[in-house]
*Asks:* 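If you scroll down you'll find the structure; I have some questions about it.
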Amino acid sequence: SHIRRGLLSSASCRSPRLLNSARLAPSLSYQSIAGMKVLAVLYSGGEAAQQEPRLLGTTENQLGIREWLEKKGHEFIVTDDKEGPNSVFQKNIVDAEVLITTPFHPGYLTRDLIDKAKNLKICITAGVGSDHIDLNAAVEKGIEVLEVSGSNVVSVAEHVIMSILLLVRNFVPAHEMIERGDWQVSEIARAAYDLEGKVVGTIGAGRIGYRVLQRLVPFNCKELLYYDYAALPEEAAKAVNARRIEDLKEFVSKCDVVTVNCPLHEGTRGLVNEELLKHFKKGAWLVNTARGAICDKDAVAAALKSGQLFGYSGDVWNVQPAPKDHPWRTMKNPLGGGNGMVPHYSGTTLDAQARYAAGTKSILENYLENKPQEPQNIIVGKKGYETKAYGQR
Ligand code: NAI
């Protein structure tokens, strides 16, 4: 499958090729689709984006493609205004031909909006993860959905390792104590452990999940486990010494640390819920950088409060931006720690932005020139789902 093929090739290996193809592409044959409307929903970068041009995924820096698109005679509308019928996004979707979105500030393309989007041919996700698009509706309407596969998988895998460590080692309360001016080692050490000797398991062992397993190898964990309906190729599983567990309840009951690395789709929405959390080891740590809605918001907050979970960390939320009163912002374990939540940024490091901006341009270029798309980038193709990662269909 595409996933399995992409598993071992590193994102950073991919980027030079993407950059080159973007740079060297001929600038001739755009006549086929003249004057189309390209709509992009990105996050506003404010002052930071003015000071830092490498923040390419922002409304200010516009993925670095405005000049290029306009020279070809296309209209390029960029906005962060995405909610409600009067938003720039929803007003312009009716006649846009290309929609570019980013998971970091998702323009939610619902079935309703797809019905209204009379000209829409292709959705490009600047990044990885296209659950903010109603993929089934896109399939029915023959709208292609592509993402820049692999562009930020190392970025996320590194964040996962950091998140596991900060929970297991009780880092956040330790730092907060120092900022407060206090110094009480025992208060921190009573909830701090080594990662060595623990059982760590990933839900989803695709590009990110596998890279997490690879990065865990030197920590000498007791065992590395994975739960995925697609088995890893034998040699890949052997290289990281990971064992597959096919029953989810059994899987979570064996893990000290669970990390979630599967896409959000019908089969994973609310997967980690009140019932499944009962099967976790008491005091387990849970890291979710995949999608917020894979974990039930209230069940996670309750499990952390009761100590059933001892920590929860990640960067993804069921709604983004998360409301000010979202329980995940402030939830704590019984000792007042165990929260490693941050805004959605693990896959949007400056390194990642260079790769997904170049990849977005390359997908657009292929579309404009009627060239085949790279197979690993196609989520929904002209004839329906091309990837198996969004559910077994
Ligand atoms: P991938 O397609 O390479 O791997 C996904 C894996 O999940 C596949 O092996 C698939 O079989 C498995 N899977 C699907 N449904 C499953 C289920 N019900 N149970 C167990 N396994 C299941 O995707 P990749 O590149 O590893 O990305 C995974 C997800 O991570 C993305 O879909 C996205 O939601 C998230 N992500 C988050 C980022 C962030 O900034 N926080 C950035 C990039 C991706």
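For ligands, and for the atoms within them, numbers begin at 1 and follow the listed sequence.
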*Asks:* Looking at ligand 1, does Gly127 have a heavy atom less than 4.0 Å from it?
*Replies:*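 Not so, Gly127 does not reach ligand 1.
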*Asks:* Any heavy atom of Phe104 closer to ligand 1 than 4.0 angstrom?
*Replies:*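 Judged by the 4.0 Å heavy-atom criterion, Phe104 does count as contacting ligand 1.
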*Asks:* Would you name the heavy atoms of Val316 and Asn288 that are closest together and state the gap between them?
*Replies:*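 Nearest heavy atoms, Val316 then Asn288: CG2-O, 3.4 Å.
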*Asks:* Do Thr289 and ligand 1 have an N or O pair less than 3.5 Å apart?
*Replies:*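 N/O-N/O distance under 3.5 Å: yes.
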*Asks:* If you measure every N/O of Arg207 against every N/O of ligand 1, is any gap under 3.5 Å?
*Replies:*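 Indeed, backbone or side chain, Arg207 has an N or O that close.
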*Asks:* For the residue pair Tyr193 and Trp285, categorise the inter-ring angle as parallel (less than 30°), tilted (30 to 60°) or perpendicular (more than 60°).
*Replies:*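 It falls in the perpendicular class, over 60°.
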*Asks:* What are the atoms of ligand 1, with element, lying closer than 4.0 Å to any heavy atom of Val153?
*Replies:*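 Answer, ordered by atom number: 25 (O).
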*Asks:* By number and element, which atoms of ligand 1 are closer than 4.0 Å to a non-hydrogen atom of Val316?
*Replies:*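 Heavy-atom distances to Val316 below 4.0 Å select 41 (N).
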*Asks:* Provide the number and element of each atom of ligand 1 under 4.0 Å from a heavy atom of Ala389.
*Replies:*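 Within the 4.0 Å cut-off of Ala389, ligand 1 contributes 2 (O), 14 (C), 15 (N).
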*Asks:* Within ligand 1, which atoms have a heavy atom of Gly204 less than 4.0 Å away?
*Replies:*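 Counting from 1, the qualifying ligand atoms are 7 (O), 21 (N).
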*Asks:* Looking at His132 and Pro103, would you say the former's side chain and the latter's main chain have a donor-acceptor pair under 3.5 Å?
*Replies:*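 A pair under 3.5 Å: no.
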*Asks:* Parallel, tilted or perpendicular for Trp317 and Trp328, by the 30°/60° rule?
*Replies:*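 Because their plane-to-plane angle lies in the 30° to 60° range, the rings of Trp317 and Trp328 count as tilted.
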*Asks:* Out of all atoms in ligand 1, which are within 4.0 Å of some heavy atom of Asp315? Include the element for each.
*Replies:*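 This gives 39 (C), 40 (O), 41 (N) as the contact atoms.
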*Asks:* Side chains of Arg329 and Met341: closer than 4.5 Å at any heavy-atom pair?
*Replies:*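 No, side chains not in contact.
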*Asks:* Quick one: are Leu109 and Leu120 in side-chain contact, heavy atoms under 4.5 Å?
*Replies:*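 In contact.
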*Asks:* Could you list which atoms of ligand 1 come closer than 4.0 Å to a heavy atom of Gly347?
*Replies:*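 Numbered from 1, ligand 1 contributes 39 (C), 40 (O).
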*Asks:* So, Glu266 and Arg269, do they make that salt bridge, N to O below 4.0 Å?
*Replies:*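 The answer is no: the pair does not qualify as a salt bridge.
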*Asks:* Which atoms from ligand 1 have a heavy atom of Thr268 less than 4.0 Å away?
*Replies:*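 Answer, ordered by atom number: 17 (C), 18 (N).
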*Asks:* For ligand 1, does Thr387 get within less than 4.0 Å through its side chain, its backbone, both, or neither, judged by non-hydrogen atoms?
*Replies:*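 The answer is neither; Thr387 stays 4.0 Å or more away.
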*Asks:* Is the backbone N or O of Leu264 less than 3.5 Å from a side-chain atom of Asp131, with the two atoms forming a donor-acceptor pair by type?
*Replies:*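 Checking the backbone N and O of Leu264 against the side chain of Asp131, no donor-acceptor pair under 3.5 Å is found.
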*Asks:* Which part of Ile208 is near ligand 1, with near meaning a heavy atom under 4.0 Å away: side chain, backbone, both or neither?
*Replies:*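 Under 4.0 Å from ligand 1, Ile208 contributes backbone and side-chain atoms.
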*Asks:* Mind checking whether Asp228 has an N or O less than 3.5 Å away from an N or O of ligand 1?
*Replies:*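 Such a contact does occur with ligand 1.
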*Asks:* Where's the contact between Leu271 and ligand 1, heavy-atom distance under 4.0 Å: side chain, backbone, both or neither?
*Replies:*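 Under 4.0 Å from ligand 1, Leu271 contributes no heavy atoms.
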*Asks:* Are His279 and Phe251 close enough that their ring centers fall under 6.0 Å?
*Replies:*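 Not under 6.0 Å, so no.
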*Asks:* If you take the nearest heavy atom of each of Thr202, Leu248, Thr125, Val156, which one is closest to atom 38 (C) of ligand 1?
*Replies:*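 It is Val156 that holds the nearest heavy atom.
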*Asks:* Under a 4.0 Å heavy-atom limit, does His265 contact ligand 1 with its side chain, its backbone, both, or neither?
*Replies:*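 It is the side chain that gets close, since no backbone atom is under 4.0 Å.
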*Asks:* Would you indicate whether the side-chain heavy atoms of Ile363 and Gln373 approach each other to under 4.5 Å?
*Replies:*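 SC-SC contact between Gln373 and Ile363 confirmed.
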*Asks:* Is ligand 1 under 4.0 Å from a heavy atom in the side chain of Arg291, in the backbone, in both, or in neither?
*Replies:*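 Under 4.0 Å from ligand 1, Arg291 contributes side-chain atoms alone.
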*Asks:* Among Pro263, Gly209, Ser149, Ser130, which one puts a heavy atom closest to atom 7 (O) of ligand 1?
*Replies:*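 Checking each option, the heavy atom nearest atom 7 (O) of ligand 1 is found in Pro263.
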*Asks:* Evaluate the ring planes of Tyr229 and His265, with Trp represented by its six-membered ring, and classify them as parallel (under 30°), tilted (30 to 60°) or perpendicular (over 60°).
*Replies:*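 Geometry flag for His265 against Tyr229: tilted rings.
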*Asks:* Who gets closest to atom 16 (C) of ligand 1 by heavy atom: Tyr227, Tyr229, Tyr226?
*Replies:*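 Among Tyr227, Tyr229, Tyr226, the closest heavy atom to atom 16 (C) of ligand 1 comes from Tyr229.
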*Asks:* Check whether any side-chain heavy atom of Ile164 sits under 4.5 Å from a side-chain heavy atom of Thr259, and report yes or no.
*Replies:*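 Counting from C-beta outward, Ile164 and Thr259 do come under 4.5 Å.
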*Asks:* Any atoms of ligand 1 less than 4.0 Å from a non-hydrogen atom of Asn152? List them with their elements.
*Replies:*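 By the 4.0 Å cutoff, the relevant atoms are 42 (C), 43 (C).
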*Asks:* Applying a 4.0 Å heavy-atom criterion (strictly less than), which segment of His344 is in contact with ligand 1: side chain, backbone, both, or neither?
*Replies:*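 The answer is the side chain.
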*Asks:* Would you say that Val160 contacts Asn261 through its side chain, given a criterion of any heavy-atom pair below 4.5 Å between the two side chains?
*Replies:*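 In contact.
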